[in-house]
Asker: 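For reference, the structure I am asking about is given below.
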There are 2 protein chains.
Amino acid sequence: MNQRTKIKDIARVAGVSTATVSRALSDSSLVTDATREKVREAANQLNYRTNVRARNLRIQKSMAVLLVVRNMSNPFYLEIFKGVEAVARAAGYVLLMGNTEDDPEREAEYFDMLQDGQADGMILMTGAVPDGHAVLQPESGLAPIVVALEAVEDCDLAHVQIDNQAAAKRAVDYLQSLGHRRIAHICGPLPEILGRLRLDGYRTAMAEAGLEVPDHYAPVGDYSSQSGRECCASLFDRADPPTAIFAANDEMAFGAISELRRRGLSVPEDVSVVGFDNLFISESYSPALTTVNQPRIEIGQTAMTMLLDIISARQSAPQTLEMPTELVVRQSTGPAPQ
Amino acid sequence: MNQRTKIKDIARVAGVSTATVSRALSDSSLVTDATREKVREAANQLNYRTNVRARNLRIQKSMAVLLVVRNMSNPFYLEIFKGVEAVARAAGYVLLMGNTEDDPEREAEYFDMLQDGQADGMILMTGAVPDGHAVLQPESGLAPIVVALEAVEDCDLAHVQIDNQAAAKRAVDYLQSLGHRRIAHICGPLPEILGRLRLDGYRTAMAEAGLEVPDHYAPVGDYSSQSGRECCASLFDRADPPTAIFAANDEMAFGAISELRRRGLSVPEDVSVVGFDNLFISESYSPALTTVNQPRIEIGQTAMTMLLDIISARQSAPQTLEMPTELVVRQSTGPAPQ
DNA sequence: TTGAAAGCGGTACCAT
DNA sequence: ATGGTACCGCTTTCAA
């Protein structure tokens, strides 16, 4: 590095004190226009750039937010990243990525970073919170954490989420409206709240319609397309296979469709398939996938906006915001076969 | 924040100086085991956590690397993120995300951040470098930048890339080996080097096989599936349509396939399609997509490893590493129709 | 081996 | 409105 010019250099050139330079540069109203101009000029001339680290140390902020996910390479997160990034950036914050791989130690590390002031806030997209972590019990105010798309119970944390149960129910209702009665659900992992909520929605819809749900009609996958394939196979290896499948996410729906094709069944003529998430690729899948859309960019933006409100103490009680979902009907669903 | 305990508090409790505490905590060989132990204990008892910002200010490092992409929500980057993150993390670095949206101002901002020491290094996945930026002319050594998957010419920068031209040629060779002679290429944007290299590979393969390439056989898309659909339509709206399509990325290949379906053509019976990238979803697409695999995780890991070498001055000359690609043959390609 | 003290580069309080 | 200066919390000379 070159000898970076510092505030002291400007002070010397402009013939003022460092205090004045600092004030002039931060547009304080405590300096005359004349001095401000003089300082500005000196700064320009010297090619000054403020040392962010030094400032942050002094003002006790890091101007960084931590975005923590279970698995960085889950395509679902992409647009959330983007939404968060846009708002963070506009507010002068940088984005630190955290990837836990479901490892509790890593989880804890990110909470530590937050407490240590390496980040001013955190957007958490894993359901797990190390319990009793100091950061969760700030003496004053709300912990600077927003939980997105997951639900952490027994914690006073801000949330932005969708109504998974209702969205799932709507998807199944739609299949019923097409005449389907034998509808199966490929679940996400059931220890996780998301998987349970979507399963609940499915069960509710079936119960309200007075439809039986055979025991084996809710196989459990892990959100991978491979697991979708396997769950689908398990459904069609038995008598009385379904005429429609509602998968807990798009990837499993893709897996199911490819398994159906492999068995010579066509979608949607023989079997209808609905996904959940509306991944970027669902529209160009063939057949284009009917699925539940989550407004991911908006979710990211909203989460970051809430976080900013908490950080700046504009918000002091944990708020829960619910974002709207919608069923996007495409080509993977059709009338139940006779 | 609680009154965080600092090194001074430990010094008081342990009955030593702050200097000794600092040394003890950083495992300096200049302290007796006894003192080290004493200090450790005091630190534990006081629940001490080191203030990373203060240390970084002092040692003039940020322990952060900047990962700059054109578009954060491009699924292609996912596994690169992951590879970079793993290596960065293991080395004690945090990952800062940069998203340029192809805006030169934003590009420049990230270079500024690097120069300002907000990050110790940068992995650049946009082809653009603000020319003459100070960071590119360090008085000593190499700029702490690794260009991944793009090529920046006229710059002494480290690169990790693949042989786009050869990979494209291999894909087309394969189609030819299946008996295809009318092979079209859906290009990526041609101002960009990547798009040009893949087009070159295509042309070379065709030329070497002595095959004509009609003018309209290389429509230009923008890597979106929508553009793939349109390019495909343009090919089949004319007489003498191709029997095989090589798309410059998977998303355009998906678009092409869905357009072919719409026209009642089946893949691969009527038309074969090859993509490029091997996105996570290509395998579960139906038909599963034949495509060129890029070792994305390894690319991320390699780029980050190179960056660490540069940062620690283990590496002083710009190096270019080439990662291997392979053609993954799946179900979207088959023998040319008679 | 240990301690005192000088910074790292800013910001903000207290005078004037 | 401006200047002097303490301080953010740590690391690292320099002396002892």
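Computed from a predicted structure; not experimentally measured. Just the heavy atoms: all of them, side chains too, but no hydrogens, waters or symmetry mates, feed the values below. Every chain is numbered from 1 and lettered A, B, ... according to where its sequence line falls, protein lines coming before strand lines.
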Asker: Check the phosphate of dG3(C) against S17(B), side-chain N and O only, distance under 4.0 Å to OP1 or OP2. Yes or no?
Answerer: yes
Asker: Do R58(A) and dC7(D) have a side chain to base donor-acceptor pair shorter than 3.5 Å?
Answerer: yes
Asker: By nearest nucleotide on DNA chain D, pick out whichever of T18(A) and R36(A) is the more 5' one.
Answerer: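 Nearer the 5' end of the strand: R36(A).
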Asker: Of the options dC8(D), dT1(C), dA1(D), whose atoms approach the side-chain atoms of L30(B) most closely?
Answerer: dT1(C)
Asker: Is any side-chain nitrogen or oxygen of Q60(B) closer than 4.0 Å to OP1 or OP2 of dG7(C)?
Answerer: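 Checking dG7(C) against Q60(B), no side-chain N or O comes under 4.0 Å of OP1 or OP2.
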Asker: Is any N or O donor-acceptor pair between the side chain of R55(B) and the base of dT12(D) shorter than 3.5 Å?
Answerer: no
Asker: Distance alone, cut at 3.5 Å: any donor-acceptor contact between the side chains of K82(A) and S73(B)?
Answerer: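 Result is yes, a qualifying pair exists.
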Asker: Has the side chain of R49(A) got a donor or acceptor atom sitting under 3.5 Å from an opposite partner on the base of dG9(C)?
Answerer: no
Asker: Under 4.0 Å between any heavy atoms, over every strand shown, what does R53(A) touch: base, sugar-phosphate, or nothing? Just pick one.
Answerer: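 It contacts nothing in the nucleic acid.
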Asker: Nearest whole angstrom, please: distance from the P of dT11(C) to the CE of M63(A).
Answerer: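 So the CE-P distance, M63(A) to dT11(C), works out to 13 Å.
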Asker: Do the side-chain N or O atoms of Y48(B) get closer than 4.0 angstrom to the phosphate oxygens (OP1, OP2) of dC10(D)?
Answerer: yes
Asker: Hey, does the side chain of S22(B) come within less than 4.0 Å of dC10(D)'s phosphate (OP1/OP2), counting only N and O?
Answerer: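 It does not, given that no N or O in the side chain of S22(B) lies less than 4.0 Å from OP1 or OP2 of dC10(D).
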Asker: With respect to the phosphate group of dA1(D), does any side-chain polar atom (N or O) of T20(A) fall under 4.0 Å of OP1 or OP2?
Answerer: no
Asker: Nearest-Å distance, CD1 (I59(A)) to P (dC13(C))?
Answerer: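 Whole-Å distance recorded here is 13 Å.
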Asker: From the set dG9(C), dT11(C), dG9(D), return the single nucleotide nearest to any side-chain atom of I7(A).
Answerer: dT11(C)
Asker: R70(B) and side chain to side chain donor-acceptor pair (under 3.5 Å): which single residue from T126(B), D103(B), D102(B) fits?
Answerer: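 Between R70(B) and the candidates, side chain to side chain donor-acceptor pair (under 3.5 Å) is satisfied uniquely by D102(B).
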Asker: Can a salt bridge be assigned to the pair E109(B) and R89(A) using a cut-off of 4.0 Å between side-chain N and carboxylate O?
Answerer: yes
Asker: Could you tell me whether E41(A) and R36(A) have a side-chain N and a carboxylate O separated by less than 4.0 Å?
Answerer: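 Looking at E41(A) and R36(A), the cut-off is not met.
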